[in-house]
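Before any comments, here is the structure.
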Amino acid sequence: MKQISMRKILSALALLGVVVTTAQPTSSVNIIPQPVQLEQTEGVYVLPEKVTISYDASLKAQAEYLQEVLAQSTGRIAVMKEGKKKGDIVLLVDAQAQKAEGYALSVTPKSVKIVAADPSGAFYGIQSLLQLFPAEIYSEKWQRNTEWKAPCVEIVDAPERPWRGMMLDVARYFYDKEFVKKYIDMMAMYKMNKLQFHLIDDSGWRLEIKKYPRLTEVGAWAGPNEKRLGGFYTQDDIREMVAYAKVRGVELVPEIEFPAHILSAVVAYPWLSCTGVQHQLPTQHFISRDLLCVGKETSIQFLQDVLEETVELFPSSYINIGGDEAVYKRYETCPDCQALMKREGLSKVSELQGYLTNVVAQMMKKKNRTLIGWEEIIMRGKVNEPVVALIWHNVADSIHATNTGHKAILTPCTHMYLDFPEQKIPGEVQAATWMPPVSLEKCYSMPVNDYSENSTVLGVQGCYWSDQFIHGQALQEIAYLNENRSENYAEYLTFPRLQAVSEVGWSKQSQRNFENFRTRLSSHFARMDYKGCHYRLPVPRIEKEETLADGSTRFTLACDVPGADIRYTTDANYPTVHSPKYTGPVTVAKRDDFRAITVVSGTQYSLPLYFAPDYSAYKAYGEYVYGWEPLRVQPQPSAMRFEVTGKISGNGAYELAVIPTRGEDALQLGNLKLWKRNELMAETPADASVKVGNQPVVYRFELNQFEAGTPFHIEIQGYAPNGNNTSGMMFLRKVE
Ligand code: ACM
Ligand code: ZN
């Protein structure tokens, strides 16, 4: 009885959008990144009903930030005392006493005191303080029933590295201003301080430039007019984001890509390329061979104009010029580029990039800006000004190249690219797959010291690319996570690996310990819930699998989130947060019917542990495109819809086979429709019934308006009028 009523309460609360967390922190002090020195002392601090915040004038913005956070969740509006040194919470500056960005936080039963080196240090002291209070402190709504207690501590803390960055790709998929602010807020919560804003790429130009309005009138939008995708930031939006970030100690570093990844500008102004050919914005992952022409005066003028407006908007002392992945084929035949090579005595076309980097470095020197770019910028001939290279790919060579006077930021794709999935398991979103997965542990174990025998390394940076999300649709294998929006997947891919990147940048390598990190992390999921932030949870692990004498299977599971629940099913349906709770080994009649999820709250759970079907027996039917399971089939006629983008590869005839694999009930099938975006491309009528043991139903359709880079999906009428215990798979093959 008790359990049932608790479940009802949980689901009612979940419907109301109330976060109910079951994962329990194992200790009350779980700060991420791990402070350099932390001593837990006797007692607790209780936030008074009438709270005062005293602060040095230079910390006004940070004090007001704290006031706002406390007001939202605790409902207590702190009295602000500028220039005073006594109060409930005191924020002071002492640049001599602390290292840059450092702070000392003293929490006693009577008061809280933060002594910081600078405003960033004060902000970080506040973050550590917030991490001591209950998770509800992050709520935007008043949490009237929470006791606002924090354990007493003495902390002295400062970062090991000055650059603790994230890159956000808003060019391939446009994330709006509010999303960017949320991303900044999450970075700041974990003491990260640089956001590389990837504003430009082949598939979109996101920054308003007054002198070149077509960049955003044309270059920010992809797809046919009435269904165009994209967006851009006005200059006012940028100023708003920069100010928001500044309070949080985050510097927005704009990235203006050239000479490659700039097709969005070439689409708007074809004269920027060597050939002048008019292109269209791609709607799918694409790296253009049309570069910015280095040989034309007009291209150089364009860069100068764009960079001038850019540096006016972004106060950062850095300007990022991208510079990655240029293929120089066009330069070989461009008369302007060839003439420039002759004039400058360059022997290789790739040196045109080095030449351009030097030209821009001179321009930016006059504006007191240092260039940053991907490692290629120091690998294409001598660069005369000191620059900063993002070491991402050819790590050994490019880190060596920094010895010629340049600095480095470590973003090796093997550890720091957060668009790679965490694991290659059934159901995991396989966004980028050109490298092996980057697990949380791998990300956390980034061997910073191995790269940095010299003192050129400024720090580390995680990179979140969105080129696989161009359509705003994720490439998920099973329709399990209920949201298919790129914003949520960006968060799913970013968190909690961002917390790992944060600690890699903040802590000494010798002080990092993954098990310790993972334990602390378990209390942060609730914190992210209150922030409204999505994240990935690890799938339960099979610790032991035994086949019993009667043919059944006994599973012993383990969970990598200390304190979280595992919920499971034994009937091939995917579990929910209300499925039976795992408390010890589970015996299952049919091994492959077992499923389990990790649950930390009423709304946040992991992908399921399940046994993916072995498709090899169905090879003749083509590629697996969709699987259905009993709960997803309706009793009335309704459409099953699934993505086939990338699986539809050109004009021609296709066959889609529907194959039930389990269960006794029949699946009733109606018409198949193939859609290109929202345009109907083909329709195949059917009125058939299919069951395990019968021949599969095979639909045939023809496509003659294929368009590269356009999303396709299929809808099939399918329902189970007399019971829905059937599951099965669909396969697609091109026959002509
Ligand atoms: C990169 O991943 N092209 C820097
Ligand atoms: Zn050219």
Side-chain angles (χ1 to χ4, degrees), residues 165-172 196-203 253 255-263 265-266 269-277 285-303 320-344 346 348-353 355-356 359 372-380 388-395 397-399 408-420 431-435 438 460-468 493:
M166 276 300 303
M167 186 214 71
L168 180 62
D169 176 1
V170 295
R172 266 61 168 275
Q196 179 181 333
F197 211 7
H198 188 77
L199 290 161
I200 313 300
D201 214 302
D202 289 315
S203 41
V253 182
E255 181 183 358
I256 306 291
E257 274 259 31
F258 60 85
H261 288 283
I262 194 172
L263 187 70
V266 171
Y269 298 102
W271 47 262
L272 288 169
S273 76
C274 293
T275 61
V277 168
H285 176 86
F286 178 71
I287 302 178
S288 173
R289 296 292 182 256
D290 275 288
L291 312 183
L292 185 79
C293 176
V294 186
K296 293 190 179 76
E297 281 293 321
T298 44
S299 316
I300 308 293
Q301 188 60 48
F302 170 82
L303 275 185
N320 190 311
I321 58 165
D324 57 323
E325 297 185 306
V327 176
Y328 308 98
K329 203 95 192 116
R330 299 280 189 267
Y331 293 169
E332 286 170 6
T333 49
C334 170
D336 297 313
C337 287
Q338 287 299 313
L340 177 64
M341 284 178 71
K342 215 178 229 166
R343 269 200 317 276
E344 294 293 324
L346 307 176
K348 291 190 272 189
V349 276
S350 62
E351 288 167 358
L352 284 168
Q353 179 169 358
Y355 166 85
L356 187 57
V359 169
I372 306 192
W374 299 105
E375 65 194 27
E376 286 92 330
I377 68 165
I378 55 169
M379 306 289 280
R380 302 288 183 267
V388 182
L390 294 153
I391 308 298
W392 71 276
H393 189 222
N394 180 5
V395 173
D397 289 346
S398 56
I399 196 83
I409 294 163
L410 304 176
T411 70
C413 52
T414 47
H415 294 74
M416 290 284 126
Y417 272 30
L418 306 190
D419 55 324
F420 293 130
T433 50
W434 54 273
M435 289 285 295
V438 177
V460 301
Q461 181 168 289
C463 294
Y464 171 72
W465 296 100
S466 57
D467 48 314
Q468 306 300 326
L493 288 168

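As the structure lists them, so they are numbered: ligands from 1, and atoms in each ligand from 1.
For the residue pair H261 / E325, a side-chain donor-acceptor distance below 3.5 Å is found, with atom types taken as modelled. Checking W392 against Q461 by side-chain atom types alone, no donor-acceptor pair falls below 3.5 Å.
Annotation: H261 places no N or O atom under 3.5 Å from an N or O atom of ligand 1; distance criterion only.
Between I409 and I391 the shortest side-chain heavy-atom distance does not fall below 4.5 Å.
Of all the atoms in ligand 1, the ones that sit under 4.0 Å from a non-hydrogen atom of E325 are 3 (N).
In this structure, atom 3 (N) of ligand 1 lies nearest to the protein heavy atom D324 OD2, 2.6 Å. Counting protein heavy atoms only, atom 2 (O) of ligand 1 is closest to Y417 OH, 2.7 Å.
For the pair SG of C274 and SG of C293, the angle whose vertex sits at the Zn ion (ligand 2) is 110° to 10 degrees. Computed with the Zn ion (ligand 2) at the centre, the C337 SG to C334 SG angle is 110°, stated to 10 degrees.
Each of Y328, F258, Y331 was evaluated against V294; a single residue qualifies, Y331, per the side-chain contact (heavy atoms from CB on, under 4.5 Å) test.
Taking the six-membered ring wherever Trp is involved, the centroid distance between the rings of W465 and H198 falls below 6.0 Å.
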